[in-house]
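So you know, we letter chains A, B, ... as the sequences are listed, proteins then strands, and number each from 1. None of these values were measured; they are calculated from a predicted model.
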2 protein chains.
Amino acid sequence: MVSIKDIAKKAGVAVSTVSYALNGSDKITEETTARILAIANEMNYVPHAAARSLKKQQSHMIGIFLTDFGGHFYGDLLQGVKEGLNRKGFDLVVCSGRQSRRMIPERMIDGAIILDETFGDEELLEYASRGHKLVVLDRDLDHPNINQVLLDNKAGASLAMEYLIDQGHDKIYVVNGPKGSFDSKQRMHAVKQAVDRTPGVTFVELPGNFDKAAGEAAARRIADEYTRPAAVFCLNDEMAIGLYDYVQNNTSLIIGEHLHPIGFDNIELSRYVQPRLATIDYSMRKWGALASEQLIKLISGQPVDHERIYVTLVQGESVKTIV
Amino acid sequence: MVSIKDIAKKAGVAVSTVSYALNGSDKITEETTARILAIANEMNYVPHAAARSLKKQQSHMIGIFLTDFGGHFYGDLLQGVKEGLNRKGFDLVVCSGRQSRRMIPERMIDGAIILDETFGDEELLEYASRGHKLVVLDRDLDHPNINQVLLDNKAGASLAMEYLIDQGHDKIYVVNGPKGSFDSKQRMHAVKQAVDRTPGVTFVELPGNFDKAAGEAAARRIADEYTRPAAVFCLNDEMAIGLYDYVQNNTSLIIGEHLHPIGFDNIELSRYVQPRLATIDYSMRKWGALASEQLIKLISGQPVDHERIYVTLVQGESVKTIV
DNA sequence: TTGTACGCGTTATCAC
DNA sequence: GTGATAACGCGTACAA
């Protein structure tokens, strides 16, 4: 592998001269620079990332940590992050699983975006206290080195509940997310507020886990005890799809007639299931772009405030009016 | 940031002692090792990835390069790669876009898995000739430093065509993939072979691009010239979904009656569209796992042969028998 | 322009 | 056998 030393030798100059020339410093003559560049090119020189990182103490890479690679969930988010980052000359690495976490303390990345509830708050605070810069998308964490870019879960859940109630529903199941999930908690909290301020609404909370299986389990329970039309607020679309699967394959109940589900996230699939799933929408891409922006500000020492991603209601034939 | 030097100072030993102890060398006494480990722990020591990479000339990270983050396409593949890698102590970074390519020559990663037609063959051969190890999933490239793990496109396309023909279809549209795509070419080649050996089949090739828009465009064309029932082999599911969208929203043609589409990939969505899309299935996870295995063998200098991923037919109500 | 110290961990060599 | 010294990998940046 060719290093600046080799180039220096061939060009008959010092390594520092090569380094300056390569980095476009005006300390070096135009001619010398050109000559060195030519030689470097001809020798197929490529700087060694590790050496540069070691000296500069930064890698110009940032990591995004996801719970898993599954689901249709992340495509647009990642695209948003990547675009935001590339504009600033940073590269993105997408990580998942425990092993890759060491990239943070080992300084392989200059900062991280976290969307992975399997991280403990303490672990993240620990990183932050050691000087690592983080943007969290899935929790409320207060530290100068941590910035939050959170969904407006409360608005979303309120929107969903109000929609159901406006359509005349007074029996509402709510399928919860995972225990530790911040988004779940916020959404469920808003659900309870909505119920509290609306007399006459029966509300049943079912356990869930943000995956299809949870939606199916909830559907079974609901179908088993079915007596009259009910609305079902699944705290994400994935579970709503699971509910569709179960109801349509294992019962004679009709979605949009007996059961009126609404989801959260507006994943692509929701547009394709029959009938179209009502849900809460927001821009994944914007979320990602904003997160990357905030992280770069954090890294470059600029002041940052926490940010919020706004949501809207998407109506769907899965929810019909009760007359 | 605490380095081995700090630990050495506190422990009253030389840095080499610390390094040996940390790496579990038997050159150091149990007690000394224990003491050093304790101190390192207490000081929250974490080795600097860049320094280690620099010395060892390897990062224990491997990269997978994707055309984009979109589509439901990659989740399982990535999961497969990750699992295969983690077992061997490697970490995965998922990359997309031109910028991140520099990770290869800059030796930020020890090897790369390529599923991104926007790479040129020459570029990849160039990397290989410089000693970088690659596994390609999307082209036929011969070099000692390159291993191929390819889909059995020919079998898949033959399966699809035979299925259509067996159902009595004699008018078959085929919606192609992008011009440069290896998978497209192989599939289309097999299509032509199938047509050639079956007299009486009318076959029309339509341009495509593996995205939904291409499927919609093809659908428009087919609908405009519709005279009698026809089968449509979309060279991937995404385009077949686009075709569904157009046909169901803009025409009175019925899928499974007038138009009989089949896809390729068996993405999750294909199970949800109505009627279920017939398609060609294969295990994404296995594909990923195999790719990572091959790459690690390549990196560790073991001999490797090219591999093939087998495919099966998934029947669906999108294709009905012509009587 | 150039010589050189530096960033940090690894490992060969050498002395006790 | 134990442990210390120093060279090394590669690029950067300060002092000369």
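Taking A/Ser292 as the reference, nothing meets the side chain to side chain donor-acceptor pair (under 3.5 Å) condition, with sequence neighbours excluded. For B/Asn86, there are no side chain to side chain donor-acceptor pair (under 3.5 Å) partners at least two apart in sequence or on another chain. By the side-chain contact (heavy atoms from CB on, under 4.5 Å) test, B/Ser181 is found to be paired with B/Pro178, B/Asp183, B/Ser184, B/Phe210, residues two or more places apart in sequence or in another chain being considered. With sequence neighbours excluded, the residues satisfying side chain to side chain donor-acceptor pair (under 3.5 Å) with B/Arg102 are A/Asp91, B/Glu106. Qualifying side chain to side chain donor-acceptor pair (under 3.5 Å) partners for B/Asn209, counting only residues two or more places apart in sequence or in other chains: none. Qualifying side-chain contact (heavy atoms from CB on, under 4.5 Å) partners for B/Val304, counting only residues two or more places apart in sequence or in other chains: B/Asn147, B/Gln294, B/Lys297, B/Leu298. Listed by chain and residue number, nothing satisfies the ring-ring contact (aromatic ring centres under 6.0 Å, His included) test with B/His48 (two or more places apart in sequence, or in another chain).
Non-hydrogen atoms lying under 4.0 Å from DNA chain C are contributed by nothing in residues 99-109 of chain B.
Pairs passing the ring pair (Phe, Tyr, Trp, His ring centres under 6.0 Å) check and including a residue from residues 5-29 of chain B, sequence neighbours excluded, do not occur. The ring pair (Phe, Tyr, Trp, His ring centres under 6.0 Å) analysis of residues 88-131 of chain A, with sequence neighbours excluded, yields the pairs A/His60-A/Phe90, A/Phe65-A/Phe119.
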Protein-to-nucleotide contact annotation, 5' to 3' order, nucleotides 10-16 of chain C [B base; S sugar-phosphate only; - none; under 4.0 Å, heavy atom]: BBB----
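Comparing the end axes of the helix from C/dT1-D/dA16 to C/dC16-D/dG1, each fitted to five base pairs by superposing C1' atoms of four pairs onto the next four, gives an inter-axis angle of 60° (nearest 10 degrees).
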